[in-house]
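Along the sequence shown, the residues carry numbers beginning at 1. Everything numeric in this text was worked out from a predicted model, so none of it was measured. Only this structure's heavy atoms are used, side chains among them; waters, hydrogens and symmetry mates stay out.
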Amino acid sequence: MGAPSLSELLREFGELKPYKRVNRYYINIDSSQLRSVIKKLKEAYNGEIYLSSITPVDYIKDGVIEVNYEIQILPINTLIVLKTKIPRDNAVIDSIVDILPGAKVLEQEAHDLMGISFNGNPYLRKPFLLPEELAEETPLRKDWKPKTR
């Protein structure tokens with residue numbers, strides 16, 4: 001009996017859906033499941049997973065920020081996007097930096113530009129990418145407007 005398929009591996013978290021391109025999938029998960037899903041992937045593939053991006057998307061009308069974690073699973077040459085939503089007015093999610101250290105800079109970027117707090121990330125600071133005069137702002141949120149000088 002071989003290793004379980006990616007779909008079987010993640011069944012408890014939701015339905016794995018394909019993108020049009022081969023070996024590209026996404027799954028919608030609750031934000032409370034994020035760390036468990038990543039730990040499961042890391043264990044199932046002997047640590048050979050790579051976090052390529054964390055992409056927040058502001059759905060202002062819905063009052064949420066969707067946080068997309070793009071993970072390359074090297075042994076099976078597959079990309080999976082973990083999609084989770086957090087409230088805009090309380091943009092907090094658990095950090096994964098202790099599981100995947102490469103998340104350090106990606107979480108800092110999302111914190112700086114979108115105002116997302118990552119619980120457990122000791123490296124968060126503002127400004128990170130932004131100039132000092134924008135340190136308290138979130139310029140990638142759809143309702144952001146530059147302050148007049």
Side-chain angles (χ1 to χ4, degrees), residues 1-130 134-135 137-144:
M1 187 166 159
S5 71
L6 187 57
S7 184
E8 292 169 334
L9 185 70
L10 299 178
R11 180 177 294 138
E12 69 186 275
F13 301 106
E15 182 185 353
L16 191 66
K17 298 176 184 175
Y19 283 113
K20 289 183 180 180
R21 291 186 60 198
V22 174
N23 293 338
R24 305 290 187 262
Y25 301 92
Y26 70 94
I27 184 170
N28 294 303
I29 61 171
D30 188 88
S31 62
S32 66
Q33 298 174 319
L34 177 66
R35 290 178 54 83
S36 296
V37 171
I38 292 173
K39 285 178 182 177
K40 190 158 200 162
L41 289 170
K42 190 172 180 180
E43 181 180 310
Y45 297 103
N46 299 316
E48 294 184 51
I49 64 173
Y50 172 77
L51 178 66
S52 56
S53 72
I54 297 175
T55 308
V57 181
D58 189 5
Y59 290 103
I60 191 170
K61 290 180 182 176
D62 297 331
V64 298
I65 295 173
E66 182 179 84
V67 187
N68 297 301
Y69 294 78
E70 293 186 15
I71 297 175
Q72 184 71 38
I73 304 170
L74 301 176
I76 59 172
N77 191 29
T78 297
L79 178 85
I80 182 171
V81 180
L82 308 178
K83 295 175 170 269
T84 188
K85 294 181 180 174
I86 56 176
R88 284 183 97 247
D89 61 358
N90 186 26
V92 178
I93 192 165
D94 287 335
S95 174
I96 61 166
V97 75
D98 60 316
I99 306 168
L100 297 174
K104 177 182 174 181
V105 171
L106 301 171
E107 289 183 359
Q108 286 177 312
E109 178 183 37
H111 176 69
D112 201 29
L113 300 174
M114 287 286 281
I116 299 171
S117 291
F118 293 87
N119 284 335
N121 183 332
Y123 308 104
L124 294 183
R125 63 179 163 77
K126 283 184 75 93
F128 175 63
L129 297 172
L130 292 173
L134 296 178
E137 308 219 13
T138 53
L140 290 188
R141 288 201 181 198
K142 289 184 178 175
D143 56 354
W144 179 77

_Walk me through whether Ile71 and Tyr50 qualify under side-chain contact (heavy atoms from CB on, under 4.5 Å)._
CA-CA 6 Å; Ile71 297 175; Tyr50 172 77; over 6 Å; no
_Ile116/Thr138 under side-chain contact (heavy atoms from CB on, under 4.5 Å): CA gap, chis, key distance, verdict_ = CA-CA 9 Å; Ile116 299 171; Thr138 53; over 6 Å; no
*Should Arg24 and Thr78 be marked as a side-chain contact (heavy atoms from CB on, under 4.5 Å) after you check the CA-CA gap, both sets of side-chain angles, and the distance that decides it?*
CA-CA 6 Å; Arg24 305 290 187 262; Thr78 297; 6.0 Å; no
*Give the C-alpha distance, both sets of side-chain angles, the deciding distance and a yes or no for side-chain contact (heavy atoms from CB on, under 4.5 Å) between Ile80 and Leu16.*
CA-CA 9 Å; Ile80 182 171; Leu16 191 66; 3.5 Å; yes
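If you take OG on Ser7 and CD1 on Ile27, they are separated by 8.0 Å, rounding to the nearest 0.5 Å. Summarising the geometry, atom CG belonging to Leu129 is positioned 5.5 Å from atom CD belonging to Glu109; distances are rounded to the nearest 0.5 Å. Rounding to the nearest 0.5 Å places CG of Leu106 at 9.5 Å from CD of Gln108. One distance of note links CG of Asp94 with CZ of Phe118; it measures 10.5 Å at 0.5 Å rounding. Summarising the geometry, atom CG belonging to Leu100 is positioned 5.5 Å from atom NZ belonging to Lys42; distances are rounded to the nearest 0.5 Å. Within the model, atoms NZ of Lys104 and CG of Leu124 stand 10.5 Å from one another, a figure rounded to the nearest 0.5 Å.
Closest non-hydrogen pair, Glu66 versus Lys85, comes out as OE2-CE, 3.6 Å. Counting all heavy atoms, side chain and backbone alike, Tyr19 lies closest to Lys83 at OH-CE, 3.4 Å. Taking each heavy atom of Arg141 and Ala91 in turn, the nearest pair found is NH2-CB, 3.4 Å. Closest non-hydrogen pair, Lys17 versus Asn28, comes out as NZ-ND2, 4.1 Å. Across every non-hydrogen atom of Ser95 and Gly120, the tightest pair is CB-C, 4.0 Å. Nearest heavy atoms, Tyr25 versus Pro18: CD2-CA, 3.6 Å.
A 4.5 Å side-chain heavy-atom check between Pro139 and Leu130 finds at least one atom pair inside the cut-off. Asp58 has its side chain out of reach of Trp144: every pair of non-hydrogen atoms, C-beta onward, lies at least 4.5 Å apart. Looking at Tyr69 and Thr84, their side chains come closer than 4.5 Å, going by heavy atoms from C-beta outward. Looking only at side-chain heavy atoms (C-beta outward), Leu6 and Leu41 come within less than 4.5 Å of each other. Put simply, the side chain of Leu34 reaches to within 4.5 Å of the side chain of Ile29, judged on heavy atoms.
For Asp30 (side chain) and Ser32 (main-chain N/O), a donor-acceptor pair under 3.5 Å exists by modelled atom type.
Counting only residues at least two apart or on different chains, the side chain to side chain donor-acceptor pair (under 3.5 Å) pairs with a member in residues 118-127 are Glu107-Asn121.
Applying side chain to side chain contact (heavy atoms under 4.5 Å, CB included) to Glu70 and the options Leu79, Leu51, Leu82, Ile54 leaves one that passes, Leu79.
With sequence neighbours excluded, the residues satisfying side-chain contact (heavy atoms from CB on, under 4.5 Å) with Leu140 are Leu113, Met114.
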